[in-house]
Amino acid sequence: MDEHDTLRKRHLADMIGLMPSLVARLDWSAERLAEHRTARLRELLRVAVDRSPWHRRRLADVDVDRVTEAELADLPVMTKDDLMTHFAEIVTDPRLDLAQVEAHLETLTGAEKYLLDRYHAVASSGSSGRRGVFVWDWDTWAFAYAALLRHELRGWMGEVSGPVTMATVAAGRPTHASRAIFQTFSRPELVVRGFSIASPVQEIVAGLNELRPTLLGGYPSGLAALAREAAAGDLRIAPRRVYTFAEPLLPEMRGLIEQAWSAPVCNWWCASEAFPLAVGCGSGPSMHLSDDLLIVEPVDASGRAVPAGTRSAKVLLTNLTNPVLPLIRYELTDEIVVLDEACPCRSAHRLVADVEGRLDDSFDYAGVTVHPHVFRSPLSRSRHVLEYQVHQTPDGAEVLVRADGPADLPFLQHELADALVRLGAPGRVTLVEVPAIARSASGKFRRFVPLPAAQPSLV
Ligand SMILES: [Zn+2]
């Protein structure tokens, strides 16, 4: 057994050890959850003030031993720009710096790896704006995985017999948390097989037909495409539960997926910074916030709290379980609606509606559909690429890149062209370095710009 496998097995044992207590918390009262959050919040702020010079300056006036959850609203907000600009001053392990985390990310090709024998690192271009890099502590990684699956375990306690097979159709590289975390906690009782969403659909269909998974997870757009394959009779699987994550689950996609497999569709609201922010329990279409692991403040565009039932403009995240990277009132651009209602499953973890948002456009090349992830994955892995925008062209794509150093554009060009050709799409790709990428009048960033649909001929 190599060193990585020894670590992974220990991590798996720790995760399995955490699971019963995390499942039990689903039955905690709202009061008990609130007390728990306050205690964890004080611990987090203490670590931040003791070990992060950046946080120490900003939290100088806070009495960390007495602060309450309500008083969190008086603390300053932090952004991804703050994090990426002051990375070394924010992380609480002095051995970590951005260059080293970036170097580690570049080594992640086929399999996930530990950083300093303890951490996991992930990179993300997020739904908008610049690229981010995040470090997860040992326990945080285990908490996250256990929290993704605990709603099922709560229902299945004592009922599960025999191995469970799960297929995920998601990112192909372990720089993405959705890929890496399932690799870390893979075990004989729950075999997880990852299919890359950048693969041709026929290849995924053949693999799934062979695997016959009990559980199916993946990006909503990818699963909706597979639901069509199931409706056409080409995909013949019968998952008992379907998980969706990493993209907005649009109502028509939920409908397609439910129809294809007559199984509960459990949506996960996740971010590379922290997850699960919320998890569907299968009793209804809403998701439960992880009310013991993090604090989510829905706010309007100017940062004021919005009440239950009102759509927020963004959310402020305080991650209570990741002391190595204290995220305190960290801004995420997700728009959510907290629901003031109880779930039939009776868990007191608050409900939110499916998170809405704009889905990145897929490109269509004469019937060959190219998922945005085909571009997203190589571009978000490249450390000097701050921002990018992909324009579909008749014979491939033009990619505008804003970089802060020597991005290896010829290599990226080659990688992207290869990926397109493999899917049967035309592969002429050009990358152009630009000083800035224009935003729309609303300030929204459109990362993928397809060609206009073919105009009907007038003659
Ligand atoms: Zn529920």
Side-chain angles (χ1 to χ4, degrees), residues 7-47 69 114 118-120 136-161 164 166 177 180-190 192 215 217 241 243 245 266 268-271 273-283 287-296 317-327 342-352:
L7 280 171
R8 198 185 72 77
K9 293 249 160 67
R10 182 150 61 80
H11 213 170
L12 176 60
D14 286 355
M15 189 280 295
I16 290 170
L18 283 174
M19 192 63 104
S21 67
L22 274 198
V23 173
R25 291 179 188 182
L26 294 176
D27 291 310
W28 280 5
S29 66
E31 294 72 28
R32 183 158 182 202
L33 286 166
E35 276 169 30
H36 176 83
R37 282 196 300 274
T38 302
R40 291 287 98 80
L41 175 63
R42 289 174 185 170
E43 272 176 33
L44 173 72
L45 294 186
R46 214 169 287 135
V47 169
E69 192 178 342
Y114 289 89
R118 177 179 183 89
Y119 303 118
H120 276 93
W136 290 58
D137 204 355
W138 182 275
D139 283 347
T140 321
W141 199 243
F143 269 125
Y145 182 84
L148 285 173
L149 296 176
R150 63 177 160 173
H151 286 271
E152 278 68 51
L153 287 172
R154 180 184 183 222
W156 290 352
M157 281 295 179
E159 293 171 34
V160 188
S161 62
V164 172
M166 179 170 182
I181 201 162
F182 287 107
Q183 287 188 352
T184 306
F185 298 116
S186 170
R187 60 193 190 277
E189 303 82 356
L190 175 52
V192 180
L215 307 172
R241 210 170 259 263
Y243 309 101
F245 50 84
C266 303
W268 293 343
W269 175 29
C270 294
E273 288 86 343
F275 66 80
L277 295 153
V279 174
C281 68
S283 302
M287 298 182 283
H288 290 279
L289 287 171
S290 299
D291 266 341
D292 54 332
L293 303 176
L294 42 90
I295 297 172
V296 163
L317 160 73
T318 300
N319 184 358
L320 300 172
T321 73
N322 196 21
V324 70
L325 180 68
L327 296 180
C343 186
C345 80
R346 302 167 72 99
S347 173
H349 291 239
R350 284 166 302 163
L351 293 177
V352 289

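For the numbers below, each heavy atom of this structure counts, side chains included, while hydrogens, waters and symmetry mates do not. Because the structure is a prediction, the values reported are computed rather than measured.
- Note that the CZ atom of Arg350 and the CG atom of Asp291 stand 4.0 Å from one another [nearest 0.5 Å].
- Counting heavy atoms from C-beta outward, His288 and Leu351 have side chains that approach closer than 4.5 Å.
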*Hey, mind stepping through Trp136 and Phe143 against ring pair (Phe, Tyr, Trp, His ring centres under 6.0 Å) and telling me if it holds?*
CA-CA 11 Å; Trp136 290 58; Phe143 269 125; over 10 Å; no
*Determine, stepwise, if the pair Trp138 / Asp14 fulfils side-chain hydrogen bond (donor to acceptor under 3.5 Å, both in side chains).*
CA-CA 9 Å; Trp138 182 275; Asp14 286 355; 2.8 Å; yes
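- Salt-bridge formation is detected for the pair Arg40/Glu43: a Lys NZ or Arg NE/NH1/NH2 atom is positioned less than 4.0 Å from an Asp or Glu carboxylate oxygen.
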*With side chain to side chain contact (heavy atoms under 4.5 Å, CB included) as the test, would you mind laying out the steps for Asn319 and Glu273 before giving the verdict?*
CA-CA 9 Å; Asn319 184 358; Glu273 288 86 343; over 6 Å; no
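- Counting only heavy atoms from C-beta outward, the side chains of Ile16 and Met19 never approach each other to under 4.5 Å.
- By the 4.5 Å heavy-atom criterion applied to side chains, Arg37 and Ile295 are counted as neighbours.
- Tyr114 and His11 have tilted rings, their planes meeting at an angle from 30° to 60° on a 0 to 90° scale.
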*Any chance you could lay out the side chain to side chain contact (heavy atoms under 4.5 Å, CB included) test for Leu293 and Leu320, step after step, and finish with the verdict?*
CA-CA 5 Å; Leu293 303 176; Leu320 300 172; 5.8 Å; no
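- For the pair Asp137/Asp139, no side-chain contact is recorded, criterion being any heavy-atom separation below 4.5 Å from C-beta on.
- Classification of the Phe185-Tyr145 ring pair by plane angle, with boundaries at 30° and 60°, yields tilted.
- In this structure, the side chain of His349 engages the main chain of Arg25 through a donor-acceptor pair within 3.5 Å.
- The distance from the OG atom of Ser347 to the NE2 atom of His151 is 5.5 Å, given to the nearest 0.5 Å.
- Distance CD/Glu69 to CG/Leu41: 7.0 Å, rounded to 0.5 Å.
- Closest non-hydrogen pair, Cys270 versus Leu277, comes out as C-CD1, 4.0 Å.
- Shortest non-hydrogen contact noted between Ala274 and Leu317 is CB-CD2, 3.8 Å.
- Counting all heavy atoms, side chain and backbone alike, Cys266 lies closest to Arg241 at SG-NH1, 3.2 Å.
- No side-chain heavy atom of Asn322 sits less than 4.5 Å from a side-chain heavy atom of Leu327.
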_With side chain to side chain contact (heavy atoms under 4.5 Å, CB included) as the criterion, how do Arg187 and Leu190 come out once you've worked through the C-alpha distance, each side chain's angles and the decisive distance to 0.1 Å?_
CA-CA 5 Å; Arg187 60 193 190 277; Leu190 175 52; 4.0 Å; yes
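- In this structure, the side chains of His120 and Thr140 stay at 4.5 Å or more apart for every pair of heavy atoms.
- In this structure the side chain of Leu22 reaches within 4.5 angstrom of the side chain of Asp292, judged on heavy atoms.
- Contact between Glu152 and Cys281 at its shortest, heavy atoms only, is OE2-O, 4.4 Å.
- Contact between Ile181 and Ala144 at its shortest, heavy atoms only, is CD1-CB, 3.9 Å.
- Residues Ser290 and Arg150 meet the side-chain proximity criterion, which asks for heavy atoms closer than 4.5 Å.
- Scanning both residues, Arg8 and Ser186, for their nearest heavy atoms gives NH1-O, 3.0 Å.
- Taking CG from Leu215 and CG from Leu149, the interatomic distance works out to 8.0 Å, rounded to the nearest 0.5 Å.
- To the nearest 0.5 Å, the span separating CG on Leu12 from OG1 on Thr184 amounts to 9.5 Å.
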